[in-house]
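Since the model is a prediction, treat every value here as computed from it, not as a measurement. Here is the naming used below: chain letters follow the sequence lines, and residue numbers restart at 1 for every chain.
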Amino acid sequence: MTYTEYKQPLDYAKLATDVRAYWEANGIFEKSVSSRDGQPTFVFYEGPPSANGQPGIHHVMARAVKDIFCRYQTQLGKQVPRKGGWDTHGLPIELQVEKELGITKEDIGHKISVEEYNQRCRETVMRFKAQWDELTQQMGYWVDLDDPYITFEPEYIESCWALLKKLYDKGFLYKGYTIQPYSPAAGTGLSSHELNQPGTYKDVKDTTVVAQFKVVRDAASEKLFEALEAEKVDVPVSVLAWTTTPWTLPANTALAVGNNIDYVLAVTENQYTHEKIAVVAAKKLLDKLVAVPNVTALTKQFSSDPLVIDPLKTALAIVEAARPKIIAEFKGKDLVGIHYERLFGTEAGFPHFEGEENAFRVIPGDFVTTEDGTGIVHISPTFGADDFRVAQLNNIPALMLPDKEGTLGPIVDRTGRYVAQMGEFGGRWVKNYDGHDQSGADYKTLDESIAIRMRTNGTAFKTEKYEHTYPHCWRTDKPVLYYPLDSWFIKTTAVKDRLIELNKTINWKPESTGTGRFGNWLENLVDWNLSRSRYWGTPLPIWRTQDRTEEICIGSIAELKAEIDKAVAAEVMTHNPYANGEKVDLHRPYVDDIFLVSPSGQPMYREPDLIDVWFDSGAVPYAQWHYPFENQEKFAKNFPADFIAEGVDQTRGWFFTLHALAVMLEDSVAFKNVIANGLVLDKEGNKMSKRLGNAVDPFETIAKYGPDATRWYMIANSSPWDNLKFDSAGIVEAQRKFFGTLFNTYSFFALYANLDRFQMGEKPSVPVAERTELDRWILSKLQSLLAEVRGHFDSYDPTKAARAIQDFVADQLSNWYVRLSRRRFWKGELTTDKQAAYETLHECLSTVAQLMAPIAPFFADWLYGNLMQPHPPTPSPMGEGEPNDFETSDNVRSISAPLPRRGGAGGGAESVHLTYLAEADTTLIDKALEERMELAQRISSLTHSLRKKSVLKVRQPLQRILVPVLNGSTKEQVSKVEDLICAEVNVKHVEFLDDTSGVLVKSVKPNFKRLGQVYGPRLKAVGARIQTLSPDELSQLEKQGELAVEVEGETLTLHLDEVEIRTQDLPGWLVATDGPLTVALDVTLTDELRQEGLARELVNRLQNLRKDSGLEVQDRISVALAASAPAELHAAVASFGNYIREEVQALRLEFVPEVAGGAVLEFDDFSVPAKVDVVTA
RNA sequence: GGGCUUGUAGCUCAGGUGGUUAGAGCGCUACACUGAUAAUGUAGAGGUCCCUGGUUCGAGUCCAGGCAGGCCCA
């Protein structure tokens, strides 16, 4: 059996497609699930993508994160079913269809039937499914594509209906209103999309009013009045608020301030009534509110008045009198709770309303600014979305009035005029929606009439015309009204506390998204607005009688059919469209044509809304199984999820709807662990967009670099929750540094394993305890790595896992273990030591394959397969072409029979993804060994540095290095790795210098951390004293463990653990230091060393010659050198001939008078003609 | 405007609970090493740790305020 050898460079993309073909042919994904039958389940929910657009590179990132943890949990032995799914409803699809058909929402039902329209949506939404599926497979995202849930299918919708009914039965579903853009002239609500049409925002000149809201004196406002009394001022106090829509003032029920905004209480005068008053307004805006006359202009005016003696003085006096006098300052939060009098009260003929007693208070509002106005915002909950929201949060009622039928509504009717109860203004148009004549001289708009009334009764502080932009209906060109429109809600606020409580049990990555973004959102939760006025989506299954007294919520298709039968019996419907086994389509328009009959015999009509698409996706845990109609046990087993992952933009989307529905329906979390990943930006940090042309094509990227390096880069570069600046240079780096190194390490293994006919057995044949220091070290490191990586994966941190694996492979395995082990592999027969080396390296590589498998699934499986399933020997194992050449062969490994499991790490070699990841074997972890190997690495590094300084090539052997040691344990540690150091840096001995040598020069450094705790403020003086300790003092401190010193006239006792003593110098030697380590290099060259150095030079030249001549590693040669070579070379060959012959696999090495047709070996000081011939056996 | 988040070398990123000389990789320069290695080693250049203030004997790290970028929401 031979291990497959590959030509390089490796084609990573080809490798992946080959592995993919192998997976598909052998059903590896299916086996990765089925082989865990009966094991505990790791539950994962796939957040459904929408297939109406092409996938982008960020999808590779998001799905890599999902894939990693599913694969990892499979390796832990869990069963991880992964049902795919598609999100198919929603506005983006409708817009796309409208764009393609060149129609608008208005045309639906006219130019195109709802039926046709929805049919188009259905076709459009899956348009790019094939591309998505292809990407899924190319990137190696394992998810069940064959049996996905699709949100438009009747079963899925039926499940949603069942959930809605459950909510309905619990009383969580109610009809209320939200404030939406509304066009009275068109009689219709406008979507934000419609509002974003060009030209909708126009400059208009409106009458604006700064209104005075008279403060009621009570406990909350007492501080204002006390401040006034302190100044001996006795005037009424008003809060000022500015509005550009005076017609909303009669609907005012609250005033909002910014908690941290500075406000002042100032005394001034009402410019219309000339009454002296105190007002509250933002400090920053006070000057803009009160018109103070201009001094210069006044002075000039008075100059021409003979009655004025001192024009300037008079002017100044007037200005001073006009300037408001600031009495006190307050923060917004100090004003919260103050009550004020209703502006348009019942005494003036305006009606009472429900909840009135809770109205007319100052409340905090997070949207309040000091950009313009007064810094205090007038709140009319029926005419502003913000207003509505803060009113709800602060339990402020909306001003609603009953109509003839007793139904409550706002003070403006749907046509845009005041309702009749509005006293003197009853029936007036809010804006000119009917196109009435405005040309009369006495004509006043409603805003103007209101302003005039307020001026006369002293409630207007200021009125003026003001130009600003305002949205207009794109169809009628009339101003848009923000208006309460009917809407169905889910009463999420009813379970707010529970939502918050359960959220605390979820493991969020990063944590801040859970506590901050999500947690704060829950704290400020409002009810979930479920209604959408659209066509393509899940219909709201509620039917109502016209008088709204009776209604029914349908929870299943069966229930609907039964209700239809009743309706047919009552002759409300002529026939049951779903009666005779026809395919049930629950979409519009079909459901709209269904009328039901109420218990009292009245017809019931469906509420025309669709539900929010986020309900669809929040229903995934239930509806993906068509629960509760089917799969009860499956649902129970797969709820809640152990893990989900999506973009952070889903926080208020999918993450919320999953959580909200789970809490309301099951009183449970929907997921236990969640990764909210960041954005994928371009390499400059800009958002990718097709428009800017900086979007990265995932297919191109995968084709160019392969999926493994792409995934590795994305995961290793930065944590998933940080934004990723995508730069393909990073993929190249991952490829070179990690995959390249790993591939080379494998190639090294395969090359020599095949030469030695090494075969990894079922169990290692050499007990670990009997292996060399180096073997035990790398195995210790490997087990440490295993523990570390498992820890990172367990805590959902794939980045740290990837980095740990990468460092192990590059720094420890390749650059230390293999580097120092090479000679063991080259030499001689297959000894026990060699066997141990192969087994060690095999163990390392196969474990690395397992650890990296979740992140780089193709490469890992390729590597694992190569290690576990060597090929049968082929006639020409090293020959050109197949099967060693990845490039040219169709080298999908031929796998006839899977190898048996190997030990704990096994699990079937058919694929690394079917294996079980072992627990780290802590008995193999030897921290002391790891420490001394680090010492060896650092000493080697210092020695290299010294060689560099002395210009002595590594090839030149040197006698010794000197290592000062201050304690016995360091000496013991280093001596155990002495051989390795010597081999690595090419010296003969390591000599230790201990304290008794008397040549060490020590330095002492304060241990600030310890000293700081003891001496605090005196640390500086103590530290300075320590640095001036004499050698005698130092040795006393060392011997006795403490030393009395005088610092600033005080005697202190220093302890040994308060300083760090290290050797610094060896007089007369060139030294290098690294923290506590010091190394000196003996650079004395003897003749023998020189000769050996030259022998090594010769070996190097001959090896290069072999290589250049295209010889194979195992070829034996004969070497002829020109006899004309200098005497030193002759001497070197004479002394080290055996060594040279062995190194270069030479059977003969001799000097000849003439070298014909050979090469010339270049040395530093001379050159020698030489010839190398292959000796055939 | 609000919530959250980020700011460390030219680039990408590390830097438990504060400790005096702030690190790695890439890139750049020079030299070396190599019969696995497009790998690697050594050395060099490259930093107002975003700014300001505070706490402290001591701040990249803690606190406050700002600035700049990002996401979500208004």
Side-chain angles (χ1 to χ4, degrees), chain A residues 5 8-9 258 365-371 385-386 389 510 512-521 523-524 647-653 676 678-679 681 683 685-687 713 716-719 721-725 727 729-730 732-733 735-737 740-752 799-800 803 806-807 810-811 814-816 818-819 822 825-826 940-949 951-955 984-986 1005-1013 1015-1023 1072 1075 1099-1100 1102-1104 1106-1107 1111-1114 1143-1145:
Chain A
E5 294 169 40
Q8 53 171 319
D366 56 15
F367 49 85
V368 178
T369 72
T370 52
E371 288 302 302
D386 268 338
R389 186 171 52 85
S512 60
T513 299
T515 54
R517 189 181 281 216
F518 195 66
N520 290 347
W521 151 255
E523 297 284 347
N524 292 304
V648 66
D649 53 336
Q650 295 291 332
T651 308
R652 296 179 186 191
L679 269 66
L681 308 167
K683 66 175 173 180
N686 301 310
K687 208 171 172 174
Y713 158 70
N717 186 68
S718 55
S719 292
W721 39 89
D722 290 330
N723 289 349
L724 172 70
K725 290 185 195 168
D727 185 356
V732 175
E733 192 184 324
Q735 221 171 42
R736 280 221 323 253
K737 201 170 161 44
T741 305
L742 189 52
F743 168 67
N744 288 325
T745 306
Y746 167 75
S747 297
F748 174 85
F749 168 80
L751 176 66
Y752 288 101
T799 303
K800 284 192 171 144
R803 288 176 179 171
Q806 188 167 288
D807 290 348
D811 297 341
S814 172
N815 275 322
W816 194 253
V818 174
R819 184 181 162 86
R822 278 176 301 185
F825 293 97
W826 297 345
S940 299
S941 166
L942 289 170
T943 310
H944 276 132
S945 168
L946 288 169
R947 278 182 170 274
K948 159 87 181 156
K949 275 183 199 144
V951 198
L952 284 164
K953 293 180 178 179
V954 178
R955 233 176 262 133
E984 170 64 12
V985 301
N986 197 15
K1005 200 180 141 205
N1007 180 341
F1008 286 100
K1009 196 166 186 172
R1010 277 209 85 88
L1011 287 167
Q1013 287 158 7
Y1015 295 106
R1018 288 186 296 168
L1019 176 107
K1020 262 189 181 136
V1022 177
V1099 168
N1100 169 259
L1102 290 172
Q1103 296 286 35
N1104 287 342
R1106 283 184 59 123
K1107 209 174 179 181
L1111 300 190
E1112 297 295 343
V1113 177
Q1114 69 275 28
E1143 287 293 307
V1144 302
Q1145 304 275 307

Under 4.0 Å, counting only non-hydrogen atoms across every strand here, what does [X] touch: a base, just sugar-phosphate, or nothing?
X        : value
S945(A)  : sugar-phosphate
L681(A)  : nothing
K1107(A) : base
Y752(A)  : sugar-phosphate
K725(A)  : sugar-phosphate
S512(A)  : sugar-phosphate

Provide, to the nearest angstrom, the distance between the [atom1] atom belonging to [X] and the [atom2] atom belonging to [N].
X        : N      : atom1 : atom2 : answer
L724(A)  : U6(B)  : CG    : P     : 16 Å
N1104(A) : C33(B) : CG    : P     : 11 Å
L952(A)  : G41(B) : CG    : P     : 21 Å
W521(A)  : G3(B)  : CH2   : C1'   : 12 Å
E1143(A) : U34(B) : CD    : P     : 11 Å
Q806(A)  : C26(B) : CD    : P     : 11 Å
R736(A)  : A38(B) : CZ    : P     : 10 Å
E733(A)  : G25(B) : CD    : C1'   : 6 Å

Between [M] and [N] - [atom1] atom distance, rounded Å:
N      : M      : atom1 : result
U21(B) : G54(B) : C1'   : 27 Å
U34(B) : A22(B) : P     : 35 Å
C11(B) : G47(B) : C1'   : 14 Å
G15(B) : G7(B)  : C1'   : 15 Å
G53(B) : U12(B) : C1'   : 32 Å
A36(B) : G23(B) : P     : 34 Å
U17(B) : A9(B)  : C1'   : 28 Å
C71(B) : G25(B) : C1'   : 29 Å

Shortest side-chain distance from [X], nucleotide among [options]:
X       : options                : value
R517(A) : A39(B), A36(B), C71(B) : C71(B)
N815(A) : U40(B), A32(B), G3(B)  : U40(B)
R803(A) : U12(B), A74(B), A14(B) : A14(B)
S718(A) : G2(B), G19(B), C13(B)  : C13(B)
N717(A) : U37(B), U12(B), A39(B) : U12(B)
V818(A) : A36(B), U37(B), C71(B) : A36(B)

Give a yes/no on whether any side-chain N or O of [X] is located under 4.0 angstrom from OP1 or OP2 of [N].
X        : N      : answer
Y746(A)  : A36(B) : no
R955(A)  : C33(B) : yes
S814(A)  : U37(B) : no
N723(A)  : G70(B) : no
S941(A)  : U42(B) : yes
K948(A)  : C31(B) : no
R947(A)  : U42(B) : no
N1100(A) : U34(B) : yes

Return the minimal non-hydrogen interatomic distance between [X] and [Y], and the atom names on each side.
X        : Y        : value
V1144(A) : L1102(A) : CG1-CB, 3.8 Å
N723(A)  : S718(A)  : O-OG, 3.9 Å
V954(A)  : R947(A)  : CA-NH1, 3.4 Å
A1072(A) : L942(A)  : CB-CD2, 3.7 Å
A676(A)  : W721(A)  : O-CB, 3.4 Å

**Asked** When the nearest nucleotide of RNA chain B is assigned to L942(A) and to D727(A) on a heavy-atom basis, which residue is associated with the more 5' position?
**Response**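 Taking each residue's closest nucleotide, the earlier one in sequence belongs to D727(A).
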**Prompt:** Taking for each residue the nucleotide of RNA chain B with the nearest heavy atom, is it K737(A) or G1012(A) whose nucleotide lies nearer the 5' end?
**Reply:**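 Looking at the nearest nucleotide for each, G1012(A) comes out on the 5' side.
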Once you apply the 3.5 Å cut-off to both distances, tell me the Watson-Crick or G-U wobble partner of [N], or none.
N      : value
G27(B) : none
C49(B) : none
A32(B) : U40(B)
U55(B) : none

**Request:** Check the pair D727(A) / Y713(A) against side-chain contact (heavy atoms from CB on, under 4.5 Å), numbers first and verdict last.
**Result:** CA-CA 9 Å; D727(A) 185 356; Y713(A) 158 70; 4.1 Å; yes
**Message:** In terms of relative ring orientation, are F825(A) and F748(A) parallel, tilted or perpendicular, with 30° and 60° separating the classes?
**Reply:** perpendicular
**Prompt:** If only atom types and distance count, is the side chain of R822(A) paired as donor or acceptor with the main-chain N or O of R819(A) below 3.5 Å?
**Reply:**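 The answer is yes, because a donor-acceptor pair under 3.5 Å joins these two groups.
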**Message:** Can a donor-acceptor pair be found, under 3.5 Å and without considering hydrogens, that links the side chain of R803(A) to the backbone of N717(A)?
**Reply:** yes
